[in-house]
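Some notes on the structure that comes next.
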Amino acid sequence: MRSRQKVLDATVEIIESEGFDAVSIAAVANRASVSRQTIYSIFGTREDLVSQAVVGLSLTALGDITLRLEATTTPFDFVVELLVSGRGAVRAHPVLATLLDPGRSNPFFDDGMMDRAKPVARQILEPMATRHPEVAPDLDDLVDIVLRLGVSVILFDDETVHTDDALRRFLTRWLLPAMTATG
């Protein structure tokens, strides 16, 4: 387990200092002082290594977000606060902020991103379904919607939704009717 964390930490350091393109199995092995075979045996591929490093950062950020989510009273409020807080976390962390750059090696833009993100999104949204059982039958659809909407919120930030309050107003106007119709 110690080698795994060293490798993840080294990956994050490389992304933060040099970007996704600089992450290679050899560079991470060198920075973490482990063999390349150790990395392959733990992670399998470079893409899985990068994805797990980013997911690890995201889950750490999620700890802060969870506090805000606990204060919500409806499934809609939960989703809105998740999107607003998630965007704030991406903006605040240097590595997560690199997700906004569509560079060649950015895992946010590769073909398998949605498949890797769905289990994480499901884990994040399951507490909402537990607190509000009426949305449990629609949880898979909500995972898809929140993922797609979250990616859009992060990538297509503009003046009309740049502040947290503006994003909340936008989501209330367009997402609330959809969630009310299914809930």
Side-chain angles (χ1 to χ4, degrees), residues 15 20 45 47-183:
I15 295 168
F20 287 104
T45 67
E47 289 73 24
D48 287 339
L49 167 63
V50 171
S51 292
Q52 288 186 40
V54 171
V55 165
L57 287 174
S58 300
L59 291 176
T60 299
L62 182 61
D64 299 332
I65 295 168
T66 300
L67 294 173
R68 291 175 77 172
L69 297 179
E70 288 175 1
T72 63
T73 58
T74 69
F76 170 74
D77 292 337
F78 188 101
V79 169
V80 168
E81 284 310 309
L82 175 60
L83 292 168
V84 170
S85 301
R87 179 180 69 178
V90 168
R91 286 178 173 171
H93 194 285
V95 171
L96 295 178
T98 63
L99 294 175
L100 303 175
D101 178 11
R104 212 177 60 216
S105 299
N106 187 332
F108 208 66
F109 294 95
D110 76 27
D111 292 339
M113 187 282 277
M114 288 298 283
D115 290 335
R116 289 189 307 275
K118 281 182 183 183
V120 176
R122 189 174 217 339
Q123 181 182 355
I124 294 168
L125 290 171
E126 280 176 344
M128 175 191 63
T130 300
R131 287 173 46 194
H132 304 282
E134 69 275 13
V135 299
D138 298 318
L139 187 58
D140 289 334
D141 288 337
L142 285 169
V143 165
D144 281 342
I145 289 167
V146 169
L147 269 176
R148 293 172 198 289
L149 190 54
V151 168
S152 295
V153 163
I154 291 167
L155 292 178
F156 304 118
D157 193 13
D158 68 12
E159 294 174 14
T160 62
V161 294
H162 191 69
T163 68
D164 290 351
D165 287 339
L167 179 57
R168 282 187 188 96
R169 284 190 301 273
F170 174 82
L171 293 171
T172 299
R173 194 169 54 250
W174 295 106
L175 186 58
L176 181 59
M179 288 188 69
T180 304
T182 62

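These numbers come from the heavy atoms of this one structure, side chains and all, not from hydrogens, waters or symmetry mates. Note that the coordinates shown come from a computational prediction; the quantities given were computed from them, not determined experimentally.
For the residue pair Val161 and Phe170, the shortest heavy atom distance occurs at CG1-CB, 3.7 Å. In plain terms, the two heavy atoms of Ala121 and Leu147 that are nearest each other are CB-CG, 3.8 Å. In terms of heavy atoms, Phe78 sits closest to Leu125 at CE2-CD2, 3.8 Å. Considering every non-hydrogen atom in both Ala129 and Ala136, the closest pair reads CB-CA, 4.1 Å. When all heavy atoms of Ile15 and Phe20 are compared, the pair lying nearest together is CD1-CE2, 3.7 Å.
Taken from CZ in Arg68 to CD in Glu70, the straight-line distance is 13.0 Å, to the nearest 0.5 Å. Note that CG of Leu82 and OG1 of Thr66 are 9.0 Å apart. Values are rounded to the nearest 0.5 Å. To the nearest 0.5 Å, atom CE of residue Met114 and atom CG of residue Asp144 are 6.0 Å apart. Distance check, rounded to the nearest 0.5 Å: OG1 of Thr172 to CE of Met179 gives 11.0 Å. Atom CZ of Arg131 sits about 8.0 Å away from atom OG1 of Thr73, to the nearest 0.5 Å. Once rounded to the nearest 0.5 Å, the distance linking CD1 of Ile124 with CG of Leu69 reads 8.5 Å.
Side-chain contact between Arg91 and Asp157: present, with at least one pair of heavy atoms (C-beta onward) separated by less than 4.5 Å. For the pair Leu171 and Leu149, the minimum side-chain heavy-atom distance is below 4.5 Å.
Under a 3.5 Å cut-off, the side chain of Arg122 and the backbone N or O of Leu139 do not form any donor-acceptor pair. Checking side-chain atoms of His132 against main-chain N and O of Glu134 turns up no donor-acceptor pair under 3.5 Å. One N or O on the side chain of Thr60 and one on the backbone of Gly56 form a donor-acceptor pair closer than 3.5 Å.
With no hydrogens or angles considered, a side-chain donor-acceptor pair links Asp158 and Thr160 at under 3.5 Å.
Using a cut-off of 4.0 Å between Lys/Arg side-chain N and Asp/Glu carboxylate O, Asp164 and Arg87 are scored as salt-bridged.
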